[in-house]
Amino acid sequence: MEQEILTFADVYNEPAARAQAEKEKAGAFGWMALAKVWDRPKEVDISLVSSEKRYEPFWRVRAARHTRFQVKTDYTLQAVSPYALKVSLLDRDLEFRPGGQLLVSALEHCEKHTELSEFFDGLLKHKGAKTPSEYVAAYQEKASPYLDGSGLNLLPPDITAALIVQKVKARLMEPVAAHVILDDELLIGGLTLYYRPVYAFEFAWRDKRGVVEIDALTGSVNREGSMLSSMARQMVTREVLFDVGAELASSLVPGGGVVVKLVGAATRPVTPP
């Protein structure tokens with residue numbers, strides 16, 4: 001299974017992000033503070049106490065399901081001649097029904113291939129200005145492989161690789177209308193963990209603290225931000241990040257992906273409508 005970590009380079013660098021945060025700092029203390037016309041935060045009374053640059057995660061997974069199955073069915077044929085009584089078909093003589101119709105039982109041999117490429121937010125609470133797929137579509141050229149030991153503050157994802165694979169498995173496991181399932185496989189072809197840059201600036205006003213976040217790709221502002229550098233210091237290894245679970249890990253194919261034999265409801269014989 002292809003595994004990679006990609007980080008986006010800044011579109012808005014630290015000086016640009018800081019300048020934008022300074023413009024927005026009065027809004028970092030909530031709307032109630034601004035609502036007090038006689039006692040609202042003034043720029044001269046607000047000071048910058050700390051800042052951080054961190055990278056927030058989201059996932060992309062590529063998967064496919066391949067199913068071989070058989071379906072019993074009937075074909076209805078119509079006689080060409082209005083005087084036809086029977087027809088010789090596949091070394092058999094078959095009689096027409098009244099009206100010139102012929103019902104032929106058959107067994108269809110089928111293959112179904114479904115591919116999936118999907119994005120998932122890596123954090124439960126912190127969302128970006130764009131969806132993960134929009135970030136990749138707009139800024140893919142600014143993404144590059146992450147180098148271990150580069151010292152970047154990467155936040156560990158709340159959504160694990162094992163959970164991503166389980167979600168994909170559930171989405172691809174729709175029932176197959178078949179009498180016999182010959183083979184049913186799910187291939188996890190690749191997992192990519194993207195990291196996008198975010199600047200956070202913590203301001204103080206009297207006894208209050210507020211954080212302004214600047215998306216380093218879009219320049220968008222979040223006046224209700226958080227300082228998350230402590231989470232970044234808990235960064236885990238690649239092995240842990242891409243741990244898909246013992247059950248799936250045992251299905252790793254050398255040089256390929258994770259092949260999971262699907263069983264259960266999705267492969268039970270289902271009578272076609």
Side-chain angles (χ1 to χ4, degrees), residues 1-4 58-121 131-134 136-137 140 159-192 242 244-273:
M1 177 176 62
E2 180 182 345
Q3 304 172 358
E4 60 179 346
F58 63 86
W59 292 96
R60 183 178 190 177
V61 61
R62 292 181 291 103
R65 181 185 178 187
H66 188 78
T67 309
R68 293 190 307 113
F69 57 98
Q70 296 176 341
V71 178
K72 293 180 181 178
T73 188
D74 293 315
Y75 290 92
T76 300
L77 305 179
Q78 181 66 46
V80 175
S81 171
Y83 308 107
L85 299 177
K86 62 181 179 179
V87 62
S88 297
L89 182 66
L90 300 177
D91 299 325
R92 296 172 58 193
D93 289 335
L94 304 174
E95 294 186 357
F96 286 106
R97 292 181 175 183
Q101 288 189 336
L102 179 66
L103 197 64
V104 179
S105 297
L107 180 65
E108 295 181 338
H109 301 266
C110 310
E111 290 192 17
K112 181 180 180 181
H113 187 79
T114 306
E115 294 187 354
L116 179 148
S117 177
E118 194 160 347
F119 292 88
F120 296 88
D121 277 308
T131 65
S133 60
E134 288 173 336
V136 171
Q140 179 65 56
I159 309 300
T160 65
L163 181 57
I164 294 295
V165 171
Q166 290 300 327
K167 285 178 176 287
V168 168
K169 183 178 176 181
R171 294 187 185 186
L172 288 175
M173 281 183 65
E174 62 180 21
V176 176
H179 286 84
V180 177
I181 301 290
L182 301 175
D183 193 39
D184 197 5
E185 293 182 344
L186 171 66
L187 173 66
I188 307 298
L191 271 173
T192 302
F242 291 99
V244 294
E247 177 186 355
L248 297 183
S250 64
S251 304
L252 278 168
V253 176
V258 176
V259 177
V260 183
K261 293 286 187 177
L262 300 180
V263 295
T267 58
R268 290 198 202 105
V270 178
T271 302

Point to revise | Test log, rule side chain to side chain contact (heavy atoms under 4.5 Å, CB included), inputs Leu94 and Leu103 | key: CA-CA 9 Å; Leu94 304 174; Leu103 197 64; over 6 Å; no

Practice item. Just do the side chain to side chain contact (heavy atoms under 4.5 Å, CB included) check on Glu185 and Leu187 with the steps written out, would you? Key: CA-CA 6 Å; Glu185 293 182 344; Leu187 173 66; over 6 Å; no

**Study point:** Full working for side chain to side chain contact (heavy atoms under 4.5 Å, CB included) between Ser117 and Arg60
**Key:** CA-CA 7 Å; Ser117 177; Arg60 183 178 190 177; 3.2 Å; yes

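In Leu107, the CG atom is crowded: over 12 heavy atoms of neighbouring residues, nucleotides or ligands sit closer than 6.0 Å.
To the nearest 0.5 Å, the span separating NE2 on His113 from CD on Glu115 amounts to 4.0 Å. Interatomic distance, Ile188 CD1 to Arg62 CZ, rounded to the nearest 0.5 Å: 10.5 Å. To the nearest 0.5 Å, atom CG of residue Leu186 and atom OG1 of residue Thr67 are 9.5 Å apart.
Looking only at side-chain heavy atoms (C-beta outward), Glu108 and Tyr75 come within less than 4.5 Å of each other.
Arg65 contributes a side-chain N or O that, together with a main-chain N or O of Glu174, makes up a donor-acceptor pair within less than 3.5 Å. Between the side chain of Gln78 and the backbone N or O of Gly100, at least one donor-acceptor pair lies under 3.5 Å.
Across every non-hydrogen atom of Lys112 and Phe69, the tightest pair is CB-CE2, 3.9 Å.
Using cut-offs of 30° and 60° on the angle between ring planes, the pair Phe242 and Trp59 is perpendicular.
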